[in-house]
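To start, the structure under review is shown below, and the notes come after it.
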Amino acid sequence: METITNFDNILDKFLIDGELKSVEPYGFGHINRTYLAVYDVNGQNKRYIVQQINSKLFDPVENLMSNIELVTEFNRAKIRANGGDPDRESLTIVRTKDGKTFYKRDEDSYFRVYIFIENTVAYQTVSNDKDFYYSAIAFGNFAKLLAEFDASKLYEIIPNFHNTKKRFNDFKKAVADDILKRAKECQEEINFVMEREHYYGQLVDKIASGEIPLKVTHNDTKLNNVLLDDKTGEPVAVIDLDTIMPGTLCYDFGDSIRFGCNPCEEDEKDLSKVNFRFDLYKVYLDGYLTALGDGITQAEKDNLALGSIMMTIECGMRFLADYLSGDTYFKTTRPGQNLDRCRTQFKLVSDMEKIFDEMNALVK
Ligand code: ADP
Ligand code: GN1
Ligand code: MG
């Protein structure tokens, strides 16, 4: 995706009042290009999130935005009915002047605008139990809400997104192709993935047999995809709705654990600092189960610990496959970043394997 330097001819397609003052890159997402736009409206600042959508991944963008529109409309109606403020507790799509949810400038160049949700923060790491607990409440409540959403209305925008068996096949292909001859420098990491084949079918097979119910899930529940109130820490809104698709609560729970129970950044180079925080696992589990109440089955609960390992090893193999393939999927800001990201994931997997029985026992 090209870097946009002049937004005037893009943002003038949207229904936004005031005068554009500035547009700066914003946030730490790996997929889309996110910017913060500031407008002056009668002397007051009004802010917007502007995103250049990764249309190679989310194809066609029409289907992606249809999913987001349907889910946000559904959520906003629920929030309103409960006396809440939909512009604060949900994403709000700003439409184009011709009524669309996105603007297509040319092939591979698509933009959308959301209202910036003020007085909130999206954290990159967990700094206290309370924030993580509240993020669990936010994702748990979101999952509960989505349980009432009609899955047949959604496009499966990235098929097999968390099909770890398929991810493993993609991984093996990246190793076999080794287009940049990088495999020799990460043999240990490649072996780590190869030795763990016994995991990869476990969740998909349980879904296929009906043991674990297929639900509408978020599928990308990392901490920086939830906004917390910057003063009280209380949950405000779940964001980044690009991957809402059929999935399982075990994926959503597991992905939050993968990201939040790492005390470091996802790309930390010093692995001695990367230690799985079992104390935070307890905190998140408590919040998630409290929010879901009876909205989670016993079989789902029984597989939450497994989901945590699965999401972590899957993410690690995706980072490694991308490193081997030339860093074309996850945005990078320095050489070797995807390999470092993969290494933190595998360190977390090793830690979780050692206490897997305790992780399971806690759920019971
Ligand atoms: P990506 O798909 O690339 O991860 P996100 O939609 O998660 O992109 O946005 C990246 C970051 O931008 C988020 O982590 C959050 O910090 C911020 N953000 C996104 N949408 C909003 C919003 N409506 N209000 C405030 N901040 C937002
Ligand atoms: C990506 O979009 P973002 O940065 O929230 C990725 C997730 C990975 C995550 C790893 C659509 O999430 O699947 O788990 O990076 N999203 C997509 O940090 O592939
Ligand atoms: Mg994100």
Side-chain angles (χ1 to χ4, degrees), residues 1 24-38 46-59 64-65 67-68 72 86-94 111-125 135 139 156-164 167 170 217-230 236-245 247 251-252 254-260 262 265-268 308 310-322 327-333 337-338 340-342 344-345 348:
M1 269 195 281
E24 303 288 343
Y26 191 80
F28 298 91
H30 295 338
I31 302 297
N32 297 303
R33 293 224 173 166
T34 301
Y35 301 86
L36 176 68
V38 183
K46 173 104 179 135
R47 308 200 286 174
Y48 296 89
I49 286 286
V50 180
Q51 287 182 322
Q52 186 173 13
I53 301 168
N54 186 331
S55 56
K56 265 208 312 228
L57 203 65
F58 302 117
D59 181 24
L64 169 78
M65 291 311 293
N67 285 354
I68 294 177
T72 49
D87 287 358
R88 180 159 175 80
E89 295 164 39
S90 161
L91 285 176
T92 307
I93 302 172
V94 177
F111 298 87
R112 69 179 168 210
V113 177
Y114 293 125
I115 291 179
F116 186 87
I117 303 175
E118 298 287 354
N119 307 314
T120 60
V121 54
Y123 292 105
Q124 306 309 318
T125 50
S135 79
F139 282 123
E156 193 176 2
I157 192 76
I158 306 179
N160 293 310
F161 190 60
H162 284 311
N163 181 334
T164 316
R167 294 286 187 187
D170 295 345
T217 49
H218 182 284
N219 293 304
D220 190 4
T221 49
K222 58 187 196 185
L223 186 65
N224 65 14
N225 286 333
V226 64
L227 300 178
L228 303 180
D229 189 290
D230 62 4
V236 176
V238 169
I239 58 168
D240 200 345
L241 308 180
D242 291 330
T243 50
I244 289 192
M245 279 180 288
Y251 296 156
D252 278 5
D255 200 43
S256 296
I257 296 302
R258 171 192 82 72
F259 192 83
N262 174 9
E265 300 282 333
E266 209 174 37
D267 63 348
E268 173 61 52
S308 307
M310 294 284 295
M311 286 299 95
T312 312
I313 192 147
E314 180 189 281
C315 196
M317 79 169 85
R318 290 173 64 198
F319 286 141
L320 185 51
D322 196 33
D327 306 304
T328 57
Y329 187 97
F330 296 103
K331 226 187 287 166
T332 52
T333 51
Q337 194 172 16
N338 274 320
D340 292 333
R341 287 172 177 155
C342 139
T344 61
Q345 304 307 294
L348 295 170

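One-based numbering, in listed order, for ligands and for the atoms of each.
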**Request:** Would you name the heavy atoms of Ser256 and Phe139 that are closest together and state the gap between them?
**Result:** OG-CD1, 4.0 Å
**Prompt:** Looking only at N/O atoms, are Asn32 and ligand 1 under 3.5 Å apart anywhere?
**Reply:** yes
**Prompt:** Hey, is ligand 1 close enough to Tyr26 that some N/O pair sits below 3.5 Å?
**Reply:** no
**Asked** Nearest protein heavy-atom contact for atom 10 (C) of ligand 1: which residue, which atom, what distance?
**Response** Thr34 OG1, 3.8 Å
**Request:** Considering non-hydrogen atoms only, spot the tightest contact between His218 and Thr243 and give its length.
**Result:** O-OG1, 2.8 Å
**Request:** Consider every N or O of Asn224 and every N or O of ligand 1, then say whether any pair is closer than 3.5 Å.
**Result:** yes
**Asked** Under 3.5 Å, is there a donor-acceptor pair between the Thr34 and Asn32 side chains?
**Response** no
**Message:** Can you see whether Ser90 engages Thr72 through a side-chain donor-acceptor pair at a distance of less than 3.5 angstrom?
**Reply:** no
**Asked** Just distances here: any N/O of Phe28 and N/O of ligand 1 closer than 3.5 Å?
**Response** no
**Item:** Check against side-chain contact (heavy atoms from CB on, under 4.5 Å), Ile115 and Lys46
**Value:** CA-CA 9 Å; Ile115 291 179; Lys46 173 104 179 135; 4.3 Å; yes
**Fill in**
heavy-atom search around atom 8 (O) of ligand 1 in the protein gives Gln51 NE2, 3.3 Å
**Asked** Under 2.8 Å from the Mg ion (ligand 3), how many protein N, O or S atoms can be found?
**Response** 2
**Asked** Under 4.0 angstrom from ligand 1, any heavy atom of Thr120?
**Response** no
**Request:** Output all residues satisfying side chain to side chain donor-acceptor pair (under 3.5 Å) with Tyr48, sequence neighbours left out; order by chain, then residue number.
**Result:** none
**Prompt:** Around ligand 2, what residues show up once you keep those with a heavy atom under 4.0 Å from it?
**Reply:** Gly29, His30, Ile31, Phe58, Phe161, Asp220, Lys222, Asn225, Asp240, Thr243, Arg258, Glu266, Cys315, Arg318, Phe319, Tyr329, Phe330
**ring pair (Phe, Tyr, Trp, His ring centres under 6.0 Å) against Phe319, all qualifying residues, sequence neighbours excluded** = Phe330
**Request:** Could you tell me how the ring of Phe116 sits relative to the ring of Tyr26: parallel (under 30°), tilted (30 to 60°) or perpendicular (over 60°)?
**Result:** perpendicular
**Asked** Are side-chain N/O atoms of Gln345 and Arg258 paired as donor and acceptor at under 3.5 Å?
**Response** yes
**Item:** Within-cut-off N or O pair, Arg112 and ligand 1, under 3.5 Å
**Value:** no
